[in-house]
Participant: 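I have a structure I would like to understand better, so I am pasting it below and will then ask my questions one at a time.
Counting begins at 1 with the first residue of the sequence. Any value given below was found using the heavy atoms of this structure, including those in side chains, with hydrogens, waters and symmetry copies removed. If you're wondering where the values come from, they're calculated on a predicted model, not measured in any experiment.
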Amino acid sequence: ATVEYVEEVAGLGMRGVVEGEEYLVGSEKWMEKRGVAVHAVSSHATTVFIAKNGGLLAALELGDSIRPEAPEVIGALAALKPLLLTGDSV
């Protein structure tokens, strides 16, 4: 496939043209701004929408869960004293 154009829009998503077809990847706000109808998703995950030529292709939910050992690790990190090492001379 020949990629003809790629544009990143900070905080919203990406737009690209591949073999004359326009693809969008990004947030609900990005899709709405580009005129793509999406269904609101109420989830604790991050939703990434994919569209082709103005039509919605997919909605991906990306998420993660807190690992059981997280509180212990955070507690151990809180006990550390921060130290900055640099090669700069003062």
Participant: Hey, what do you get for CE (Met31) to OG1 (Thr47), rounding to the nearest 0.5 Å?
Facilitator: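 It comes to 11.5 Å.
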Participant: I'd like to know if Leu56 and Val9 are part of one continuous hydrophobic network [Ile/Leu/Val/Met/Phe/Trp/Tyr, side-chain heavy atoms within less than 4.5 Å].
Facilitator: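 In one cluster with Val9: Leu56, yes.
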Participant: Does anything in residues 27-46 form a salt bridge (Lys or Arg N to Asp or Glu O under 4.0 Å)? List the pairs, not counting sequence neighbours.
Facilitator: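 Non-adjacent pairs meeting salt bridge (Lys or Arg N to Asp or Glu O under 4.0 Å): Glu22-Arg34.
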Participant: What closest approach, in Å, do Val36 and Gly55 show between heavy atoms, and which atom pair accounts for it?
Facilitator: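 Shortest heavy-atom separation between Val36 and Gly55 comes out as CG1-C, 4.4 Å.
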Participant: Which residues satisfy the salt bridge (charged side-chain N to carboxylate O under 4.0 Å, His left out) test with Glu7, sequence neighbours excluded?
Facilitator: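 So Glu7 forms a salt bridge (charged side-chain N to carboxylate O under 4.0 Å, His left out) with Arg15.
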Participant: Return the OH to CG distance between Tyr23 and Leu57, rounded to the nearest 0.5 Å.
Facilitator: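 So the OH of Tyr23 and the CG of Leu57 are separated by 7.0 Å.
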Participant: Does any non-hydrogen side-chain atom of Leu24 lie less than 4.5 Å from one of Phe49?
Facilitator: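 In short, these two side chains do not touch, never coming nearer than 4.5 Å.
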Participant: What pairs with Glu19 under salt bridge (charged side-chain N to carboxylate O under 4.0 Å, His left out), at least two apart in sequence or on another chain?
Facilitator: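 By the salt bridge (charged side-chain N to carboxylate O under 4.0 Å, His left out) rule, Glu19 matches no residue at all.
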Participant: Do Val73 and Ile66 land in one hydrophobic cluster if side-chain heavy atoms of ILVMFWY residues count as linked below 4.5 Å?
Facilitator: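 No; tracing contacts between hydrophobic side chains, which count when under 4.5 Å, never links both residues.
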Participant: Determine whether a donor-acceptor pair (N or O, by modelled atom type, separation under 3.5 Å) exists between the side chain of Glu4 and the backbone of Gly20.
Facilitator: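 At least one qualifying donor-acceptor pair exists.
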Participant: Please examine the side chains of Val48 and Leu62, heavy atoms only from C-beta on, and report whether any two atoms are closer than 4.5 Å.
Facilitator: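 In short, these two side chains touch, coming nearer than 4.5 Å.
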Participant: Can you tell me how far CE of Met14 sits from CD1 of Ile50, rounded to the nearest 0.5 angstrom?
Facilitator: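 It is 12.0 Å, given to the nearest 0.5 Å.
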